[in-house]
Amino acid sequence: MQIDLDNAIAENFLQYQQLSIPLRNQGLVFLGGEMEYDQSRSNGTGKTSCLSLVPWVIWGRLLRDMHDVSRVINYEAKSCYGRVEGTLGDNKFWIERSRTRKGEPEIKTSFAGSSRSLNIQDEINQIFGTFELAQNTVFLIQRKALEFMTAGNAGRRQIMEDLLKIDKWNRHHEAVKSDIMWANTTLTGLRSDLAMAEIGLDALLAKIETSHKLATLDLDAQCRLLNTQLGVAELGHKQLQVRYTALRKAHLEVSDRLKESRIITDRLSRLTADKRCTLIRLSTTLENLKTSIAQLQTGVCPTCHRPLVKDFAVDQKTQEILCDQIATVSAEVTQSTMEYEAALASTTTIQGEEHKTSAKIQEVTHRLTESKKILSNVKFNISEIEDQIRCVSQETDTDHRKEVHEYQRVITTRRNAIAELEHGVRFMELCKEGFSYRGIPSLLISNSLPLLVQETNKNLSTLSDDELSINILPADISSDGKILERLTFLVSKNGHTAYLNDYSDGEQRRGIIALFLGLLSIRSLLTGVKWMSCFIDELFDGLDAPGVERAIRVLRNIPHVNTTIITSHRSELAALGGFSKVWSVRCHNGKSQLVC
């Protein structure tokens, strides 16, 4: 990621009422200073304060120690304000910082809120690195020289870890540990909730079943009794139906016999009537004949009173024939009458049987009707009891349905959450195993040290004619093969190895410059963070004119850096050439102004 600053502006910052610093593509800039009453004097004009604007806006820190940070406010003002603008990669950004004498500083950025877990300053540190890291790779300060040089072994290692962003391993490891602990705690709670929910659901289901049994116990008994009664009634109804069928069959047979008997009776009745008619007719004829015979015996016609011819033989014979016929017909009439009376008696008997059969059929039909009513009543009662059982069941289910659904919802939710968390814990355990390899930071540092030494010594060979070389090595290796938590910093000259403090000021300054440029180089190579600007305070202290020229030559050719601002109280050095621009800080009555 490329960090290219465009400009920095401020109001009422330290001794500046207005300050504007152009920072993009300025090349190698010499920043001197002059007092109004003594132009040869540049100390105290505000050169270092000018360079402090950028770190104050970004980190809230100054390049010089100041315990009371509220003193950044100009003594004539109640508040101060600063803004830095630039680009991050292909994106524009800006950072603003303001402060009042009584209030807390206020920070605003164009990328604020992009991370939910970090505050604004932590976001800035994540993007730009910490201030301590910038002190060794972006800002080179006179009084502090280079912390990498002055710090102890452990301090140097910490600087390398910051430079290589190795702290992310520790952060990730601790974050994963914390996440696993949280996940395990949450899992324990979820499992406990799941177990309680399952126990509660089982108890509720048992309670529902018991309530259902108690509510329907009496109804079930009544239903069983009615079902028994229904069975008995259905059996009796079937028997009645069988009897009714038999009676109907018998009734049909009797009806057929009655029809036949009536036919016979009608026939006999007609026959008897015919014979009686014949008998009456013969009897009438006989009477007429007897009358005729009597008249003949008197010899006088009853009408005309004339004498009659007597033929007694014929009349006597006719009378005998008629008497025979009458006797015969009378016998037939008697026989027919007897047969008619017998048929009539048989018909009467059959009618009696028919009446009895009809009465029995009516009785059975009535009993069938009653049986149907009984069956209908029993079925209706059974249906009512079954409806009551269903209603009781539905009421019981309705009363507890919400609780059952809630338990089921809780159980489903907890099971899903447990499955997700268990999957997450397995993944985090794998991550933890990767981050827990404590040798990773040391291996990264040990692998980067040769590159740092190479870059530093390359710059040092340009800065010095002497055979100076710097070596930075791990101090020891423990029995398990891991590198210990410290680094040793040594400088060699003409085969003699010692600490840097054992050499002259000029040699120390050359070593500081070379190491600063080496750290700047490996930061961009190994982490991909490329600052396009760097700031150096009082670079030329302890250097003679040739050393200054060599330093200018090296600083003009820093890879990927397009602006390098160097402060110095040695104003005459600006005339040596090699600088792209010469700026000056002019101080009048304690108020400074930058002239670009």
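For the atom pair Asn377 CG and Leu230 CG, the distance stands at 11.0 Å (nearest 0.5 Å). The line from OG1 of Thr186 to CZ of Arg191 is 11.0 Å long, rounded to the nearest 0.5 Å. The distance from the CD1 atom of Ile411 to the CG atom of Asp193 is 11.0 Å, given to the nearest 0.5 Å. Note that the NZ atom of Lys356 and the CG atom of Leu247 stand 13.5 Å from one another [nearest 0.5 Å]. Rounding to the nearest 0.5 angstrom, the gap separating the CG atom in Leu252 from the CD1 atom in Ile361 is 7.5 Å. In this structure, CG in Leu194 is found 9.5 Å from OG1 in Thr412, a value given to the nearest 0.5 Å.
Listed here is the closest heavy atom pair of Val54 and Ala8: CG2-CB, 4.1 Å. Closest approach of Glu354 to Leu258, counting heavy atoms only: OE1-CD2, 2.6 Å. Nearest heavy atom pair, residue Ala417 against residue Leu190, reads CB-CD1, 3.7 Å. Across Val378 and Leu226, no two heavy atoms sit closer than the pair CG1-O, 3.3 Å. When all heavy atoms are compared, the tightest approach of Ile124 to Ile58 is CG2-O, 3.4 Å.
Put simply, the side chain of Val57 does not reach to within 4.5 Å of the side chain of Ile107, judged on heavy atoms. The side-chain heavy atoms of Arg243 and Arg248, taken from C-beta on, include no pair separated by under 4.5 Å. Contact check for Asn184 versus Leu187: side-chain heavy atoms found under the 4.5 Å cut-off. Annotation: side chain of Ile3 is not in contact with side chain of Lys530 (no heavy-atom distance under 4.5 Å). At least one side-chain heavy atom of Leu5 sits under 4.5 Å from a side-chain heavy atom of Trp531. Counting only heavy atoms from C-beta outward, the side chains of Lys108 and Ile95 never approach each other to under 4.5 Å. Gln229 places none of its side-chain heavy atoms less than 4.5 Å from the side chain of Arg224. Using a 4.5 Å cut-off on side-chain heavy atoms (C-beta onward), Leu375 and Phe380 make no contact.
Between the side chain of Gln351 and the main chain of Ser346, no donor-acceptor pair closer than 3.5 Å is present. Between the side chain of Ser371 and the main chain of Arg367, no donor-acceptor pair closer than 3.5 Å is present. A distance-only check finds no donor-acceptor pair linking the side chain of Ser376 to the backbone of Lys372 [under 3.5 Å]. A donor-acceptor pair under 3.5 Å is formed between the side chain of Ser110 and the backbone N or O of Trp94. Of the possible polar contacts, none joining the Trp59 side chain to the Ala134 backbone as a donor-acceptor pair under 3.5 Å is found.
Under 4.0 Å is where a charged nitrogen must lie from a carboxylate oxygen, and between Arg257 and Glu260 no such pair does. In this structure, Arg24 does not pair ionically with Glu85, as no charged nitrogen and carboxylate oxygen lie closer than 4.0 Å. Ion pairing of Asp6 with Lys92 is present here, as a side-chain N (NZ or NE/NH1/NH2) and a carboxylate O approach within less than 4.0 Å.
Side chain to side chain, Ser261 and Thr347 meet the donor-acceptor criterion of an N or O pair below 3.5 Å. If you check the side chains of Gln121 and Asn125, you find a donor sitting under 3.5 Å from an acceptor. No side-chain N or O of His251 forms a donor-acceptor pair with one of Thr357 less than 3.5 Å apart.
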### Task
May I have the step-by-step check of salt bridge (charged side-chain N to carboxylate O under 4.0 Å, His left out) for Glu353 and Lys360, ending in yes or no?
CA-CA 10 Å; Glu353 292 179 2; Lys360 289 180 180 180; over 6 Å; no
#### Entry: salt bridge (charged side-chain N to carboxylate O under 4.0 Å, His left out) between Glu406 and Arg409, worked out
CA-CA 5 Å; Glu406 181 62 22; Arg409 186 191 65 78; 2.6 Å; yes
### Message
Between Phe128 and Leu88, is the side-chain contact (heavy atoms from CB on, under 4.5 Å) condition met? List the steps.
### Response
CA-CA 10 Å; Phe128 294 90; Leu88 287 171; 4.1 Å; yes
### Task
Applying side-chain contact (heavy atoms from CB on, under 4.5 Å), run through Phe131 and Trp56 and close with a yes or a no.
CA-CA 10 Å; Phe131 175 69; Trp56 181 75; over 6 Å; no
### Task
Kindly determine whether Arg267 and Arg262 satisfy side-chain contact (heavy atoms from CB on, under 4.5 Å), including the steps that lead there.
CA-CA 8 Å; Arg267 182 172 57 79; Arg262 281 177 177 172; over 6 Å; no
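No option in Glu106, Arg97, Glu96, Glu11 other than Glu96 meets the side chain to side chain donor-acceptor pair (under 3.5 Å) test with Tyr81.
Within a 6.0 Å radius of NE2 in His560, other residues, nucleotides and ligands contribute more than 12 heavy atoms.
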